[in-house]
Number of protein chains: 2
Amino acid sequence: MTLDRRSGCPINLSLEVFGDRWSLIILRDMIFGGRRHFRELLNGSMEGIASNILADRLKRLMELGMLTKADDPSHKQKAIYSLTEMAITLVPILAHLGAWGRVWLPTSEELSIRAELLEKGGPPMWEKFMAELRHEHLGTPLDTAPGPSVRATLRAAYEAVVAEKALNASPAG
Amino acid sequence: MTLDRRSGCPINLSLEVFGDRWSLIILRDMIFGGRRHFRELLNGSMEGIASNILADRLKRLMELGMLTKADDPSHKQKAIYSLTEMAITLVPILAHLGAWGRVWLPTSEELSIRAELLEKGGPPMWEKFMAELRHEHLGTPLDTAPGPSVRATLRAAYEAVVAEKALNASPAG
DNA sequence: TGCAACCGATTGCAAAATGCAAGCAGAGGA
DNA sequence: TCCTCTGCTTGCATTTTGCAATCGGTTGCA
């Protein structure tokens, strides 16, 4: 996959990589949702991507160097997708994007709690998260302090909000 | 203009606002290039946007609250577009996007010097720039230290690189 | 052994978005 | 007067997207 290269502007080229409706959604689900398989990405994303679009974007992201694909040893038909360093370094951009959307757009509380946490954690939290992703996807040794993983922290916060909402909505008050 | 609202995820909603090929390019030209008129945006952007697409995106960005439009007092046919606070707060995202593109994509040296400067300047420089934009587009009083404007600094850096390249390419060496 | 569920895609087709060139009416300048 | 410039629209071809069905193969289970 070669970029159109409408211009050499960094912002323009970045948009040529993930300036469409789906590429960044896929990366979001891999980064924050831990999805690694085609079917997980297909059924797991709330936005409901079509299978042909997903296949096309995965191919494109691989050709651009954002993803790699490998056989899953546990299942001959399964492919496992991994993030490259190029994709992992999108974490700060996704954090900023989430923070901006949380301020200006009608986000749902459950889904924006993670953006809020990521914003509060700031660059140190992003770095820890990126180290975790490098460990999972690139096999890099994990030399940070143990503690709960950032992904687990985000998921716990999400579930807490969902539980609280369910409680408030329950007949028993 | 109402969002599709495929989901309430902040990242998804942000993409619904400017996750296309042109919206962010237009905002980039207004923010960094100082373009305020339709014709400036049409002819000024290196990427060559079509006039119907430009008209559509300006309308859409206005409906989403990113831009406002007003009559230009100097010319009855001219319209002047202004950034809203919502758009001005994209500056950190654009800075990150430029930094990422500079690292991972085949950017041209002239066009990436500004991203480099913005990256080196960091959040303080972004804040100064945003204050300048608020002054130009929203009429907010400018209370920062005077000095050269960030836009002037970025432009000067760009022209210095262009001049240097011309010198190196000249027959006289 | 049979069979349903699941695997990563692919196909065909309709709908929407985009790109391109030309043109519009009105305003300004000479 | 005539030419240029203003923001923006129109018609049409091309490309991209969305949707549903399907493919050949694998797996787990009865």
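First the proteins, then the strands, lettered A, B, ... as listed; each starts at 1.
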Check step by step if side chain to side chain contact (heavy atoms under 4.5 Å, CB included) holds for B/Thr84 and B/Leu67. CA-CA 5 Å; B/Thr84 64; B/Leu67 301 179; 5.6 Å; no
Between A/His75 and A/Ile49, which has a closest nucleotide on DNA chain D that is more 5'? A/Ile49
Among the nucleotides C/dG8, D/dT9, C/dA9, whichever has the atom closest to the side chain of B/Ala55 is D/dT9
With the side chain of B/Ser51 defined as its heavy atoms from C-beta on, choose the nearest nucleotide among C/dG8, D/dG7, D/dT9. D/dT9
Stepwise, does the salt bridge (Lys or Arg N to Asp or Glu O under 4.0 Å) test hold for A/Arg151 with A/Glu132? CA-CA 9 Å; A/Arg151 176 138 67 223; A/Glu132 291 169 15; over 6 Å; no
Rounded interatomic separation in angstrom, taking CD from A/Glu40 and C1' from C/dA9: 16 Å
Modelled atom types, side-chain donor and acceptor of B/Ser14 and A/Trp100, under 3.5 Å: no
Per B/Asn52 side chain, nearest of listed nucleotides D/dG7, C/dA21, C/dT10: C/dA21
Of D/dC8, D/dT17, D/dC19, the nucleotide closest to the side chain of A/Trp22 is D/dT17
Nearest-angstrom distance from the residue atom CG of A/Leu42 to C1' of C/dT10: 13 Å
For the pair made of CG in B/Asp56 and P in C/dC20, what is the distance, rounded to whole Å? 16 Å
Rounded distance in Å - CG (B/Leu54) to P (D/dT6): 13 Å
Proximity to the side chain of A/Lys76 - top-ranked nucleotide from D/dG7, D/dC19, D/dT27: D/dT27
On DNA chain C, check which nucleotide each of A/Lys69 and B/Ala50 is closest to and give me the residue with the more 5' one. A/Lys69
Could you give the CG-to-C1' distance, from A/Leu15 to C/dT18, as a whole number of Å? 16 Å
Could you tell me how far apart B/Leu41 (CG) and D/dC8 (P) are, to the nearest whole angstrom? 11 Å
When the ring planes of B/Trp126 and A/His96 are compared, do they come out parallel, tilted or perpendicular, using 30° and 60° as the limits? perpendicular
Using atom CG of B/Asp20 as one end and atom C1' of C/dG19 as the other, report the distance to the nearest whole Å. 14 Å
Which of C/dT18, D/dT6, D/dA21 is nearest the side chain of B/Gln77? It is D/dT6
Before you tell me yes or no, could you show the steps for B/Asp20 and B/Arg60 under salt bridge (Lys or Arg N to Asp or Glu O under 4.0 Å), namely the whole-Å CA-CA distance, both residues' side-chain angles and the distance that decides it to 0.1 Å? CA-CA 12 Å; B/Asp20 70 276; B/Arg60 185 178 148 83; 5.3 Å; no
Is B/Arg21 close enough to D/dT16 that one of its side-chain N or O atoms is under 4.0 Å from OP1 or OP2 there? no
Round to a whole Å and report the spacing from CZ of A/Phe38 to C1' of D/dT26. 16 Å
